[in-house]
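Only a predicted model underlies this, so the values are computations on that prediction, with no experimental measurement involved. We count residues from 1, following the sequence as given.
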Amino acid sequence: FILNIDIRTTALFAVIINFIQVIFLALNYFLHKSYKGAGWWLIWGILVAGGFAFLVSRTFYVFDEKYAVFFQNIFLVAGLISLYIGILRFFDRKVNKSFPIISFVIFLLINFVFSFIQDRADIRSILLNLYVFLWQIVVSYLLYKHKPGSVKTIANFLAIILLGVSVFYALKVITVIKNPESGFFLSSDINTQLVYIFGVVVSLFLSFGLIIMVNQKLNSDMRLAKEHFEMIFNASPDAVLITEINTGKIIQVNNSFTDITGYSKEDAIGKTTNDIGLWRYSDGRNHMIEEIMERGSFNRGEFKFYKKDDKIIWASISISSINLYGKPHFISGIRDISHLKETERQLRVKNLELEKVNAEKDKIFSVVSHDLRNALNGFLGFTDLLVKGSKNFNNEEIFSFATDMNSSAINLQKLMSNLLEWSFFKRGLIKVKLENIPLSGFLDEIIAQVIDAAHIKNITITKSVPSGLFVFTDKTILSICLR
């Protein structure tokens, strides 16, 4: 049947098939631009189709025979080199540019010589078939040796196909060497037609094999991306949940969601946050929803949530929109900040306590300053009398002044001791010593400390306390309060 088909028809059929495969390779490239090598495979398809087009042009005498033969061979070999580079880049291997460049230049020079200087169809045929054989061996080795595990099956299949077809081209080289006339590419013999048929079949296998390989790599990458996402999703210390935008239903939660809220995956999936009781109030939530609808995201809002056991937690929430399974979803991250809120509360309490202590300190300093000034004024008053009127006073009066001065000094010493003890108490260096204190007798001691200052100011101090009244407190604190 093959012998009854004109070689021009076979060549034209090969061109049509190759241009169809170029369309598929172009679609593959535009759909998977992110994958290295897809562009080089498109170049390979275009060059091979162009090589067959130059071959067909020879039958219609579109170009001069020599130019058509020259460019036909150049396009076919350049296409194989592009295939080689594309596979290296797809497998993420380093491309050694010198090897394909030197190889192509050698082929170009030999092809030029035996096309324009010495017209030898047999040598051109041997050279072309030899190069096709060698490059198919190289590409087959790359597919077998450097394939990633995700495309192992299809890469091995293509390697076997190329290896098998390379044997045919090796036999073609031997045939042309034995019979130079069989190297004429427009003869209708069985060998020549098989060259075209094998070329078309191999191109089709390679084209669809490469497309399948890209899709397998894509599926593998998507699976890995999904696994990485799930790993990060579940490893996050924050509670993460994914909800449908349209219905608000939860479709997935991570392990931290259960740890933080107490709701298991079974409790949450298929329900809304309102259904499970995570939200129980609308304050701030409506504003959050408005911002999400306007911007598509919400960042760092602080809200109260209810755990499964009805305990309230404070959480910082961030929400972003994602496309999942072809539908819009929200992914929400909830960070438990209850401990931060508790720390803030404790800081506020400490600040209030500090303000209170500072106010007490100011008040105590005012009292102490007043007491010290009165005690010193009394002491200075007595010494002033002694200095100015010592010659006019007898021994009894001097003894009285000295006694009063000693009393003032003792009171001043007690005052300083009380102040020092109060300071130790506030710094936590001493503990409060609670005891039953007879208030009447204790008041007598306090009055004795300030009586001199009261006499100088003509102030009368009256005590009206039942004799049997006791106070259960610390002496130092009571002394400071009474003074």
Side-chain angles (χ1 to χ4, degrees), residues 2 5-32 37-63 65 67-87 90 100 104 107 111 124-125 127-129 131-136 138-140 143 154 157-158 161-162 164-166 168-169 172 184-188 190-215:
I2 295 176
I5 300 176
D6 184 79
I7 191 64
R8 293 174 177 81
T9 304
T10 304
L12 185 60
F13 174 75
V15 170
I16 294 171
I17 294 298
N18 274 281
F19 274 103
I20 291 174
Q21 81 176 17
V22 166
I23 295 172
F24 283 102
L25 288 170
L27 289 172
N28 178 68
Y29 169 71
F30 288 115
L31 289 174
H32 308 109
W40 284 100
W41 295 339
L42 175 59
I43 294 172
W44 160 73
I46 293 171
L47 289 172
V48 171
F52 276 98
F54 275 111
L55 189 148
V56 173
S57 70
R58 292 165 59 186
T59 63
F60 297 100
Y61 305 102
V62 177
F63 301 103
E65 175 76 9
Y67 289 104
V69 171
F70 178 76
F71 286 109
Q72 162 199 303
N73 295 346
I74 292 298
F75 271 52
L76 292 175
V77 171
L80 285 170
I81 294 174
S82 298
L83 176 65
Y84 161 80
I85 295 173
I87 289 175
F90 182 74
F104 182 73
F107 179 84
N111 191 47
R124 290 196 305 268
S125 179
L127 180 66
L128 178 61
N129 284 287
Y131 259 74
V132 171
F133 163 75
L134 292 175
W135 278 108
Q136 285 184 346
V138 170
V139 172
S140 177
L143 287 167
I154 187 65
F157 175 74
L158 292 178
I161 291 293
L162 286 173
V165 174
S166 66
F168 170 81
Y169 283 98
K172 179 64 178 175
F184 183 56
F185 265 80
L186 293 181
S187 62
S188 295
I190 181 66
N191 289 331
T192 303
Q193 295 220 33
L194 284 174
V195 170
Y196 291 114
I197 293 171
F198 266 74
V200 171
V201 170
V202 171
S203 292
L204 286 174
F205 270 115
L206 276 175
S207 296
F208 289 104
L210 294 173
I211 292 171
I212 292 171
M213 195 157 61
V214 170
N215 281 277

Under the criterion ring pair (Phe, Tyr, Trp, His ring centres under 6.0 Å), which of Phe54, Phe52, Trp44 is the partner of Phe75?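 The option that passes is Phe54.
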
Measure the acute angle between the ring planes of Tyr67 and Phe71, then classify it against the limits of 30° and 60° as parallel, tilted or perpendicular.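 Ring orientation of Tyr67 relative to Phe71: parallel.
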
Give the ring-plane orientation class for Trp41 versus Phe90, where under 30° counts as parallel, over 60° as perpendicular and anything between as tilted. tilted

Any non-hydrogen side-chain atom of [X] less than 4.5 Å from a side-chain atom of [Y]?
{"X": "Leu47", "Y": "Leu76", "answer": "no"}
{"X": "Leu162", "Y": "Leu206", "answer": "yes"}
{"X": "Ile20", "Y": "Ile16", "answer": "yes"}

How close do [X] and [Y] get, counting heavy atoms only, and between which atoms?
{"X": "Gly86", "Y": "Trp40", "value": "CA-CB, 3.5 Å"}
{"X": "Ala53", "Y": "Val15", "value": "N-CG2, 3.6 Å"}
{"X": "Phe19", "Y": "Ala49", "value": "CE1-O, 3.9 Å"}
{"X": "Gln21", "Y": "Leu204", "value": "OE1-N, 3.6 Å"}
{"X": "Pro100", "Y": "Ile81", "value": "CB-CG2, 3.6 Å"}

First locate atom [atom1] of [X], then atom [atom2] of [Y], and finally report the distance between them rounded to the nearest 0.5 Å.
{"X": "Leu128", "Y": "Arg124", "atom1": "CG", "atom2": "CZ", "result": "10.5 Å"}
{"X": "Ser207", "Y": "Ile23", "atom1": "OG", "atom2": "CD1", "result": "11.5 Å"}
{"X": "Ile87", "Y": "Ile85", "atom1": "CD1", "atom2": "CD1", "result": "11.0 Å"}
{"X": "Leu25", "Y": "Ile43", "atom1": "CG", "atom2": "CD1", "result": "11.0 Å"}
{"X": "Leu210", "Y": "Leu143", "atom1": "CG", "atom2": "CG", "result": "7.5 Å"}
{"X": "Phe205", "Y": "Leu158", "atom1": "CZ", "atom2": "CG", "result": "9.5 Å"}

Leu80 and Tyr131: CA distance, side-chain angles, deciding distance, side-chain contact (heavy atoms from CB on, under 4.5 Å) verdict: CA-CA 9 Å; Leu80 285 170; Tyr131 259 74; 5.9 Å; no

Residues in ring-ring contact (aromatic ring centres under 6.0 Å, His included) with Phe70, at least two apart?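 Testing Phe70 for ring-ring contact (aromatic ring centres under 6.0 Å, His included), a comparison that skips the adjacent residues, returns Phe116.
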
By ring-ring contact (aromatic ring centres under 6.0 Å, His included), Phe24 pairs with (sequence neighbours left out) Phe208

Strictly distance-based, threshold 3.5 Å: is any side-chain N or O of Asn129 a donor or acceptor partner for the main-chain N or O of Ser125?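 Flag set: sc Asn129 to bb Ser125 pair under 3.5 Å.
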
side-chain contact (heavy atoms from CB on, under 4.5 Å), that's the test. Do Asn73 and Phe107 meet it? Break it down for me. CA-CA 9 Å; Asn73 295 346; Phe107 179 84; 3.8 Å; yes

